[in-house]
Structure formats: structure tokens, C-alpha cells
Amino acid sequence: MSNIRILYSQEEIQKRVKELGEEITRAYTGKVPHLVCILRGAVIFLSDLIRYINLPLTIDFMAVSSYGRGTKSSGVVKIIKDLDESIENRDVLIVEDIIDTGLTLEHLTKIFKARNPRDLKVCVLLDKEARRVVNINVDFVGFKVPDEFIIGYGLDYNGLYRNLPFLGILDNLEFGGESFEKTV
Ligand code: 5GP
């Protein structure tokens, strides 16, 4: 049986996301940041975050999938839904739910840089630093988290739990086999 332990409450998340919004506001003063939400895990985070950014801004979405846990975790990202707008000459901020090995973001930042943004920064809600296998610069971090499987506030396990208003640790995971394709 799976068991959920609360890691951050709804109130703690809102407090931190508000602080992040204020940090981003200061960093982009005089600019119009273009926030790119990586679907689906970051959608709740993005929708709260933008309401704490006191600047004109635009948003776009990209959906990707990657192979994880139990596989080679090559970091090869498959674009399932590409951006609707060009990012050329824009101040792009990638908004991601969690950085784990860093392979997904490493691959994504390569794809983005090739499209010639004026500036490219990365904002993650959660940073599972202990698991990093590549050196990648993250500009804005919500919370540093332990090496546990986290669900809630947009993050899923097999598609479920995204609607939990808090962040929790899911114990006793049954991954059911050698490999699976996860939804990012
Ligand atoms: P990375 O390429 O950095 O290893 O993996 C990043 C992706 O793996 C995240 O966008 C997320 O989809 C997934 N992931 C990594 N750790 C967790 C976790 O603890 N919980 C959930 N729900 N997804 C995770």
C-alpha cells in the first residue's frame, strides 16, 4: 500500500512561490519575460507563480516525455507538443516542476538555445540535488528536496495526485518492472 507524507503544506508552498515571484520580478524589471511551462507537471506552479510576478509577461507551453527510473535515463527528450510562438530575441524563463538528474533540463536548454532567445533562464519548483548527474545552472529554485518520490501540486505518479494542494512524499512505490515511460 502506498503512503503519503506531507513535505510542504499549501501555505508553505504559497509563501515560497510568492517569494519566487518577487525574485523574478526584481530580476526582470524593465523586461517582458516569456515563461515557458513544461507540461504537465509544472502547470499548477506556473499558474500560481505568474500571479506573483508584477510585470508584463507572456506564457507558452511545451510538452515533453523522457525515459527515467530503471532505464538508462539518457536525457533524450521527446517533444510531444512544441511551443506555439518563436522564442527568438525573447527573455525566456523555463518553468519546470522538478530537477532530478538534470538530464531533461540539459537537453531542453540545448533545444532552446538553438532557437536564439535573447536570454535563457531556468526556474524549478523543486531541486533534488543529490541525484544530479550533469552540471546545470538553475536560476530560481523553490525548495531543495530529499531523494524521495514527490507528488502533488502538479506532480504525478502514473498520472494521479496532481490535484493535491500540498507536496507529499509517496512511499512504497511499485514501479512494476524494469522500465516505464513517464510523463514529465
Ligand atoms: P531529470 O531529467 O532531471 O532526471 O528528471 C526530471 C523529470 O523527472 C521531472 O520533470 C519529473 O517529471 C520527473 N521526476 C523526477 N523526480 C520526480 C519526483 O520525485 N516526482 C515526480 N512526480 N516526478 C519526478
Side-chain angles (χ1 to χ4, degrees), residues 2-10 12-13 16-17 20 35-49 60-83 92-113 120-184:
S2 294
N3 176 46
I4 297 171
R5 286 178 283 146
I6 295 185
L7 184 62
Y8 290 107
S9 69
Q10 193 169 2
E12 287 169 319
I13 297 168
R16 185 66 192 122
V17 174
L20 271 181
L35 278 71
V36 173
C37 174
I38 307 303
L39 295 171
R40 286 171 262 181
V43 75
I44 310 284
F45 177 38
L46 176 97
S47 62
D48 279 343
L49 182 67
D60 202 350
F61 299 88
M62 183 183 265
V64 301
S65 77
S66 64
Y67 292 86
R69 242 164 277 269
T71 72
K72 290 182 292 293
S73 193
S74 62
V76 173
V77 171
K78 194 165 71 182
I79 298 180
I80 295 169
K81 180 220 166 291
D82 207 339
L83 300 175
V92 175
L93 179 61
I94 297 178
V95 178
E96 174 63 307
D97 54 357
I98 182 165
I99 178 168
D100 186 21
T101 63
L103 289 165
T104 304
L105 270 171
E106 185 188 47
H107 195 80
L108 272 178
T109 51
K110 270 189 199 144
I111 294 173
F112 276 61
K113 277 180 188 157
L120 182 65
K121 289 188 171 42
V122 175
C123 174
V124 297
L125 176 67
L126 306 175
D127 181 359
K128 215 189 270 183
E129 221 175 6
R131 296 248 317 153
R132 199 80 85 259
V133 300
V134 288
N135 197 5
I136 170 153
N137 185 47
V138 180
D139 303 274
F140 306 95
V141 177
F143 301 102
K144 302 242 168 158
V145 292
D147 184 9
E148 305 267 14
F149 195 80
I150 296 165
I151 43 98
Y153 195 68
L155 285 90
D156 77 310
Y157 174 57
N158 281 350
L160 298 174
Y161 304 112
R162 294 191 197 277
N163 55 323
L164 297 180
F166 57 85
L167 283 158
I169 294 172
L170 192 61
D171 290 319
N172 304 325
L173 287 186
E174 284 165 30
F175 282 105
E178 262 295 286
S179 69
F180 68 98
E181 189 174 2
K182 64 187 176 179
T183 318
V184 175

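We number each residue from 1, following the sequence as shown. Atoms within a ligand are numbered from 1 in the order they appear, just like the ligands themselves.
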Notebook entry, point to check: Is the count of non-hydrogen atoms from other residues, nucleotides or ligands lying under 6.0 Å from Asn3 atom CG greater than 12?
Noted result: yes
Note to self: Counting only heavy atoms closer than 4.0 Å, does ligand 1 sit against the backbone of Leu126, its side chain, both, or neither?
What the structure shows: neither
Note to self: Can you tell me if Gly102 contacts ligand 1 (heavy atom of the residue under 4.0 Å from the ligand)?
What the structure shows: yes
Check: Is ligand 1 less than 4.0 angstrom away from at least one heavy atom of Leu105?
Finding: no
Check: Counting heavy atoms only, which part of Lys128 comes closer than 4.0 Å to ligand 1: side chain, backbone, both or neither?
Finding: side chain
Checklist line | Side chain Lys144, main chain Glu129, donor-acceptor under 3.5 Å | finding: no
Check: Taking NZ, NE, NH1 and NH2 as the nitrogens, is one of them in Arg40 or Asp97 under 4.0 Å from a carboxylate oxygen of the other?
Finding: no
Notebook entry, point to check: Which ligand 1 atoms are under 4.0 Å away from a heavy-atom of Glu148?
Noted result: 19 (O)
Checklist line | N/O separation below 3.5 Å, Thr101 to ligand 1 | finding: yes
Item checked: Atoms in ligand 1 flagged as close to Leu155, the criterion being non-hydrogen separation under 4.0 Å -> 20 (N), 21 (C), 22 (N)
Checklist line | Those atoms of ligand 1 less than 4.0 Å from some heavy atom in Thr104 | finding: 1 (P), 2 (O), 5 (O), 6 (C)
Margin query: Against ligand 1, does Phe149 come closer than 4.0 Å with any heavy atom?
Written below: yes
Item checked: Atom indices of ligand 1, in the order listed, that fall short of 4.0 Å to a heavy atom of Glu96 -> 10 (O)
Checklist line | Flag side-chain contact, heavy atom, 4.5 Å: Asp127 against Val138 | finding: no
Note to self: Is it the case that the side chain of Arg132 and the backbone of Gly102 share a donor-acceptor pair, with hydrogens and angles ignored and the cut-off at 3.5 Å?
What the structure shows: no
Margin query: Counting C-beta onward and ignoring hydrogens, is there a side-chain heavy-atom pair between Ile4 and Leu164 closer than 4.5 Å?
Written below: yes
Check: Do the ring planes of Phe45 and Tyr153 sit parallel (below 30°), tilted (30 to 60°) or perpendicular (above 60°)?
Finding: tilted
